[in-house]
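Below, chain A is the first sequence line, B the second, and so on; all start at residue 1. Bear in mind the structure is a predicted one, so any value in this text is a computation, not a measurement. What you see below is based on every heavy atom in this structure, not just the backbone, and it leaves out hydrogens, waters and symmetry mates.
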Amino acid sequence: MDFHLLFLSCNKSHLAKRLHALLVVSGNAHNIFFSTRLVNLYADLGNVSFSRLAFEQIPKKNVFAWNSMISGYVRNGCFPEALDCYYQLLTMSRVRPDFFTFPAVLKACGDLVDGKKIHCWVFKLGLCLDLFVAASLIHLYSRFGFVGDARIVFDEIPVRDLGSWNAMISGFCQNGKAADALGVFEELRLEGVKLDSVTVSSILPVCAPLDDLVRGMLIHVYVIKHGLEFDVFVSNALINMYSKLGSLGHAQQVFDQMMVRDLVSWNSMVAAYEQNDDPITALGFFSKMKLNGFQPDVLTLVSLASIVAQSKGCRNGRSIHGFIMSRGWLMEDIFIGNAIVDMYAKLGSIDSAHKVFEGMPVKDVISWNTLITGYAQNGLASEALEIYCLMGQCKGITPDQGTLVSILPAYSHVGALQQGMKIHGRALKTGLHMDIFVGTCLIDMYAKCGRLDDAMSLFDQVPRQSSVPWNAIISSYGIHGHGEKALKLFGEMQDERVKPDHVTFVSLLSACSHAGLIDQGHRCFRLMLEDYGIQPSLKHYGCMVDLLGRAGHLDMACEFINNMPIRPDASVWGALLGACRIHGNVELGTFASDRLFEVDSQNVGYYVLLSNIYANVGKWEGVDKVRLLATDRGLKKTPGWSSIEVNNKVDVFYTGNRSHPQCEEIYKELGVLLAKMKSLGYVPDYSFVLQDVEEDEKEDILTSHSERLAIAFGIISTLPKTPLRIFKNLRVCGDCHNATKFISKITEREIVVRDSNRFHHFKEGICSCGDYW
DNA sequence: TTAGGGTTAG
């Protein structure tokens, strides 16, 4: 009987069992050659327990048998069993492991302790120079992040084969060391060795982090020339390279030309469109993937969660969460948990995000960063700060670049300069201050906390080849009202050949708008389209309407809206409404608010704005009507609050609030100030009192506005002439603006008030933005 | 009869 042929034809577990029986019946069961083949056969068919049974039945196990059993476990992902088997080999048999044993055993190592122990054995047996063992050792050290040790093993190999080169390249690559990976790749090329599909699929992932599309394309040419494009790993790596570098067309082309596609190919296409902001096409690929018989895995779901977050589909979010729960993935995969936290946060359901976070069995630094960013981006800065504190108490979690990037905007938001500076100190200690994203957040933080000079000197230190820090510094000058300087910086950016993006133009247009630079704003808008081919988004249109409207060109603003090629959203109508408030145009304001409420009826700020317009001209029926409308829709006015940081502590004041421990002193100070202000010619402007009340009551209302409480608190809590920095969550009212001018003169203090819109610098009775607020 | 090195995510 030809057992050799029978072995070859067994492709199902039940056939293997029949063959097993046949071997027993024919008296060949104890033949070590056949029984070892049986061990391998069962393992290949995924039947580990029968593989073990066949192994146990071998009376005198030789090294072939042990190796087959160990590698059988490894091929089936049973790593602890493989290691056990290896230790049994060492302790219970007289067989010595050989260079066939170690590649499998090294793969089975669960941690570096196991790995080092086994490396010692390899060394004792003199097997370090075996190329297969060496490649496995390089892989092992890289897997646990010890790529330096991997390099030592690599350097000790006298004559390397392609396998060891490939192991080293992918080792660097998987540890985020793209440049080192490329260095090894270049050495390999110098040797003139022909690359194989493994080399190519290992090196392709470095192109994206190095932003090197040309290299990626050259490798693609090599692939075609050497017929490597039929390897599914190579094609998948090409798809990912192109997609990450923004060349979706090329990615699509590679996918279309593939003869055989696997789950990775489909996942890569879904992710490609999702990451290039085309959630609809991404979803299309997801459907086609299912039609082609592929079941989604964890990675598919990560992309789906991002798609849902992008397209704001709350209900889909719940069903994705449910699907993941039903598979139990949330319990075993930290990545998917983080993705769901991120998804809920982006959908604005921060409570659901927090709940998922709480339920995660293991949290890593990214889980914490995601939650902090979620709170910060939902406007809940103090909650974000609380989470950051909790994170600090959590053992084993060290804040990283992502943490600083998530926490700094929260400090900027509440104007906590001193605490933000602490983060700056931490960044300096860890060297993260030169990181482009941390550097940019620091620029933004200093600018938003009123330290424009510090922001500028930081800008001078960070790398500035990308648009990111430029956008931050241009926006900083913009919110401080220095439109000309913002434009000058934009000029420098062009001189340094840094390509502006859509964010640059939002910053520029809003800088022009705050400074009343109409012509320059128009010029920027044209430049964006004509020279840089950037299609204006709703944000750009909103800025233009703001620019025209703020300067009093209400007709031009309306005409601009009428000529828009896309449907105006709330930000565009909101800009027009804001302009109507400044220029007291009730009729157009009513029209703008009607359009506005059609597209967004839930933003309470717009109701307040409209109510202000009516109150300003004493149309109290209008005020009542708006109030009723807002109440009917279940909206409540956002309470106005101001904060000030004194001695490392942020104090928050609500309008009319009398619960502060130093409340009496504060109101006393305000009374003294009011008298002095009046003697200098201050006349309260009651048009900013939105309630229909008696005159004397109106004065009290103005005096207890939150920004004045914060200013008075600052005056009594700091040494004379100390500058005061106030943050207000809403817009500063016109009367407070005027009053602050007087206060800056009387107290000889510099007072900086940042409101939800811009900065106001008061010094010696003058505001840098004049009366134009 | 037994062995290494590869592609996707928050």
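Lys244(A) comes within 4.0 angstrom of sugar-phosphate atoms only, judged by non-hydrogen atoms across all strands, and of no base. Using a 4.0 Å heavy-atom distance criterion, Ser164(A) is classed as a base contact. Counting non-hydrogen atoms under 4.0 angstrom, Arg75(A) reaches the backbone sugars and phosphates but no base. Counting non-hydrogen atoms under 4.0 angstrom, Ser197(A) reaches a base of the nucleic acid.
Distances were taken from every side-chain heavy atom of Phe100(A) (C-beta onward) to each of dG6(B), dT1(B), dA3(B); the shortest belongs to dA3(B). Of the candidates dA9(B), dA3(B), dT7(B), the closest approach to any side-chain atom of Leu299(A) belongs to dA9(B). Here the side chain of Gln275(A) is nearest to one of dA9(B), dG4(B), dG6(B), namely dA9(B). Residue Ser201(A) has its side chain nearest to dG6(B) when only dG4(B), dT2(B), dG6(B) are considered. Ranking dT2(B), dT8(B), dT7(B) by closeness to the Gln174(A) side chain, first place goes to dT7(B). For Asp161(A), the listed nucleotide lying nearest its side chain is dG4(B); candidates were dG6(B), dT2(B), dG4(B).
Judged by the 6.0 Å and 45° rule, Lys17(A) forms a cation-pi pair with Phe50(A). Under a cutoff of 6.0 Å and an axis angle of 45°, Lys288(A) and Phe285(A) form a cation-pi pair.
Checked by distance alone, Asp196(A) brings no side-chain donor or acceptor within 3.5 Å of a matching partner on the base of dG6(B). Not a single donor-acceptor pair, N or O on each side, falls under 3.5 Å between the base of dG6(B) and the side chain of Asn236(A). Judged by atom type and distance alone, Ser170(A) does not reach the base of dG6(B) through any side-chain donor-acceptor pair under 3.5 Å.
The distance between the ring centers of Trp66(A) and Tyr86(A) does not fall below 6.0 angstrom.
Aromatic stacking of Phe335(A) on dA9(B): satisfied, with centres closer than 5.5 Å and planes within an angle under 30 degrees.
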